[in-house]
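In what follows, every chain begins at residue 1, and chains take the letters A, B, ... in the order their sequences are listed. Keep in mind that this is a model prediction, so the values were computed, not measured.
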There are 2 protein chains.
Amino acid sequence: MARTQGSYSGTTGPRVRKAAQKLFARNGYATVSMRQIAADVGVQAGALYNYTPDKQTLLFDLMKQHMDELLAARAAQDVAQVPLAALEGFTRFHIRFHLDRPDAVFIAYMELRNLTEPHFEQLEQLRATYEGELMAILSAGQVAGVFDLRDIKVASRAVIAMLTGVTTWYRDSGALSREDVEEIYWQMVRKAVAAT
Amino acid sequence: MARTQGSYSGTTGPRVRKAAQKLFARNGYATVSMRQIAADVGVQAGALYNYTPDKQTLLFDLMKQHMDELLAARAAQDVAQVPLAALEGFTRFHIRFHLDRPDAVFIAYMELRNLTEPHFEQLEQLRATYEGELMAILSAGQVAGVFDLRDIKVASRAVIAMLTGVTTWYRDSGALSREDVEEIYWQMVRKAVAAT
DNA sequence: GTCTATAATTAGATAGAC
DNA sequence: GTCTATCTAATTATAGAC
């Protein structure tokens, strides 16, 4: 977290987090050294400790910020009353948000085991909160009879896993547009949960 | 006791790989030291180098063996002629195989970036081969008119991501049996790809 | 085959000059 | 705020005794 408001802290602090995010995503938290991050920013290693008490906190702050942004962006969305429309909104939102932040997403899924226990627990609760958003939609549709699911929690995890998987292969330089991808996944999600 | 030469090699080698697999899955390749692996096996660190030229090769061998086993197990399966039955077979096979090997699966997905380029390329080809198995089934169903998919490759990746996600939450101690889980996922996969 | 000992390198983090 | 210098500890891998 930025703790100083000096003229440099406004610029070096964010650059440290940006460099750490890029390098952690590319090479893994445990593999990246503080010296590598410093070199990427263009300072010496000691200077990093003006912006984070230690490496572990730097990782946690990145992951926490990502989840906070995810929940804030979701909260800013209108959620349709009709379950099918609400599900479409969630699906498209999830794909867009994740494709916009490949590095943060990668870290969020890969580096959980490098967190200390209290840090892990905090993030797990945020993840569960997000999962709850989808579960609420699926429950409403189940009650209304438009969805047919044996287990709401398993279904929500299955859908989220499917959607998040898009980040492992999608490239803007590829043949499919983001709109194409949204549409393809949405049709699969729609059918997967539908009552027949 | 007879001479020890040879008599340990048949047992220490596998124990090294087992310990490495467990520790890599739990703590991550980069975090685990050769000394930790050695301690888990019950030898000194130097002794490990009788069984692997270096740490990187130890990781690669684990991942390669996992993919070889996956393809061999799949090849040993009967593949139904009817696309719907073939898809059900693939789905249940994938879930069973992955739930049986949580550590190997975890490593296979998390440690790809810790491989050198030629090692990575080898595994990527094996992964693509496995993906091709599902693509062939989906293509056959598409041609037969029983599946309706906009993009076979994207669909196969979506299905595999959804199914593999089961390993992140399923525990034998939980409320659902493996048969329950297979059934829940199968119903979602079946509907997701179906022509309406 | 395994041990002890060690070489060579690198890590995270801190102290104090400027 | 950043730098240089440094401390302490840990790392991979190897050499040679047994």
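- For the pair B:Leu58 CG and D:dA13 P, the interatomic distance rounds to 10 Å; values are reported in whole Å.
- The distance between atom OH of A:Tyr49 and atom C1' of C:dA15, rounded to the nearest whole Å, is 14 Å.
- Residue A:Ala47 has its side chain nearest to D:dT2 when only C:dT2, D:dT2, C:dA13 are considered.
- Contact annotation: A:Tyr51 reaches the phosphate of D:dT2 (side-chain N/O to OP1 or OP2, under 4.0 Å).
- For B:Ser33, counting side-chain heavy atoms from C-beta on, the closest listed nucleotide (C:dG1, D:dC3, D:dT11) is D:dT11.
- The ring-ring contact (aromatic ring centres under 6.0 Å, His included) with A:Phe24 is formed by just one residue from the set A:Phe106, A:Tyr29, A:Tyr109; it is A:Tyr29.
- In this structure, the separation between CD on A:Gln187 and CZ on A:Arg190 is 4.5 Å, given to the nearest 0.5 Å.
- Of the residues in residues 34-41 of chain A, those placing a heavy atom less than 4.0 Å from an atom of DNA chain C are A:Met34, A:Arg35, in numerical order.
- Around atom NZ of B:Lys191, more than 12 heavy atoms belonging to other residues, nucleotides or ligands sit under 6.0 Å away.
- Listed candidates were D:dA13, C:dT4, C:dG12. Nearest to the side chain of B:Gln44 is C:dT4.
- Comparing A:Gly46 and A:Thr31 along DNA chain C, the residue whose closest nucleotide (by nearest heavy atom) sits nearer the 5' end is A:Thr31.
- B:His119 and B:Phe60 have parallel rings, their planes meeting at less than 30° on a 0 to 90° scale where 60° marks the start of perpendicular.
- The NZ-C1' distance, from B:Lys55 to D:dT14, rounds to 17 Å in whole Å.
- Atoms CZ (A:Phe24) and C1' (C:dG12) sit 12 Å apart, rounded to a whole Å.
- Between B:Phe90 and B:Phe93, the ring-plane angle classifies as tilted under the 30° and 60° cut-offs.
- Look at CG on A:Leu48: it is 14 Å from P on D:dG1, rounded to the nearest Å.
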Verdict with supporting geometry, B:His94 and B:Tyr130, side chain to side chain donor-acceptor pair (under 3.5 Å): CA-CA 10 Å; B:His94 188 92; B:Tyr130 184 66; 2.7 Å; yes
